[in-house]
Amino acid sequence: MATKRTVIVTGFEPFGDHTVNASWVAVQELERLGLGQSVDLYVCEVPVEYQAVQSLLPSLWKQHQPQLVVHVGVSGIATTVTLEKCGHNHGYKRVDNCSFYPDSQCCMDGGPDCIDSVIDMDLVCKRVNSSRLGVAVSVSKDAGRYLCDYTYYTSLYLGKGRSAFVHVPPLEKPYSAQDLGRALQAVVGEMLELVGQSEDDDHDHHHCSHQHHQHAH
């Protein structure tokens, strides 16, 4: 149990109407709170650019060899902290901060349409909501086909499902930066526990379940 576990948590830079991106503010608050002595937490601000994501994510996974990568993004329509179950490969037509979008409108040529996280988001949601944190958590199967979804799919692909995506509402709608930081601390803590359990499982079983994910639509 002495081994430290490595977790990367990212937020996004400002874009569009989000001149302050609540996701990066929340991640900085999480960094201040920490995840306890046994976890090495690395945080990173991700550009809202498809090409930057394609080069940044493989280097993050390779450099830190994390047990878990959690991406956090802001959603103007969210009113809860929302745990995304899966990332999508197709449908990227909205231009990024460089006025660019992929010609193929997809994330990975030849990749599965959809990749599920190995983490049971319903269980994480249930556990955090029953902890009386004061921040409502919900789950979703649609990360929005923009940089959030694109980043999530890329990480799920690179990390064989050991990734998660959390959408947060804009600041003070209704939660403060402190509220969001506490919510991320609770959510990531539960996710780490589940990832630890799945790592203890038989690897053959793990491989089979990932094959199943690849064919899920």
Could you list all the ring-ring contact (aromatic ring centres under 6.0 Å, His included) pairs where at least one residue sits in residues 72-94, not counting sequence neighbours? Y92-Y150

I'd like to check the side-chain contact (heavy atoms from CB on, under 4.5 Å) partners of E45; sequence neighbours left out, ordered by chain and number. E13, P14, W24

Applying ring-ring contact (aromatic ring centres under 6.0 Å, His included) to F165 and not counting sequence neighbours gives Y152, H167

Heavy-atom side-chain contact between V20 and L171 under 4.5 Å: yes

Residues at least two apart in sequence or cross-chain that pass salt bridge (Lys or Arg N to Asp or Glu O under 4.0 Å) with D179, listed by chain then number, are R182

Would the distance check show the side chain of N89 and the main-chain N or O of C107 forming a donor-acceptor pair, the cut-off being under 3.5 Å? yes

Check for a donor-acceptor pair, side chain of R5 on one end and backbone N or O of Q67 on the other, with a separation under 3.5 Å. no

Distance-only donor-acceptor hits, side chain of residues 121-137, under 3.5 Å, sequence neighbours excluded:
residue	atom	partner	partner atom	Å
D122	OD2	K85	NZ	2.7
R127	NH1	E190	OE1	3.3
N129	OD1	V137	N	3.0
N129	ND2	C125	O	3.4
N129	ND2	V137	O	2.8
S130	OG	K126	O	3.1
S130	OG	R127	O	3.0
S131	OG	V128	O	2.6

Any side-chain to backbone donor/acceptor pair from Y146 onto V95? Under 3.5 Å, distance only. yes

Checking H64 now: which residues fulfil ring-ring contact (aromatic ring centres under 6.0 Å, His included) with it, not counting sequence neighbours? Y42

H18: partners by ring-ring contact (aromatic ring centres under 6.0 Å, His included), with sequence neighbours left out: F15

Validation row: K4, V39 side chains within 4.5 angstrom (heavy atoms): no

Of all residues at least two apart in sequence or in a different chain, which pass the side-chain hydrogen bond (donor to acceptor under 3.5 Å, both in side chains) check with S155? W61, H71

With no hydrogens and no angle check, is any side-chain donor or acceptor of K173 less than 3.5 Å from a backbone partner on G76? no

Quick one: which residue pairs count as a salt bridge (Lys or Arg N to Asp or Glu O under 4.0 Å) with a foot in residues 56-75, not counting sequence neighbours? none

Okay, side chain of T82, backbone of T80: is any donor-acceptor separation there less than 3.5 Å? yes

Evaluate the side-chain proximity of T79 to P169: yes if any heavy-atom separation is below 4.5 Å, no if none is. no

With V9, the side-chain contact (heavy atoms from CB on, under 4.5 Å) member among V69, V27, V166: V27

For side-chain hydrogen bond (donor to acceptor under 3.5 Å, both in side chains), just list the numbers for S140 and D142, CA-CA rounded to whole Å, side-chain angles, deciding distance to a tenth of an Å, and then say yes or no. CA-CA 6 Å; S140 154; D142 182 5; over 6 Å; no

Sequence neighbours left out, what passes ring-ring contact (aromatic ring centres under 6.0 Å, His included) with Y153? Give chain and number order. none

S176 side-chain N/O to E172 backbone N/O, donor-acceptor pair under 3.5 Å: no

Test salt bridge (Lys or Arg N to Asp or Glu O under 4.0 Å) applied to E29 - qualifying residues, sequence neighbours left out: R32

Quick note, side chain to side chain donor-acceptor pair (under 3.5 Å) partners involving residues 100-112, not counting sequence neighbours, are none

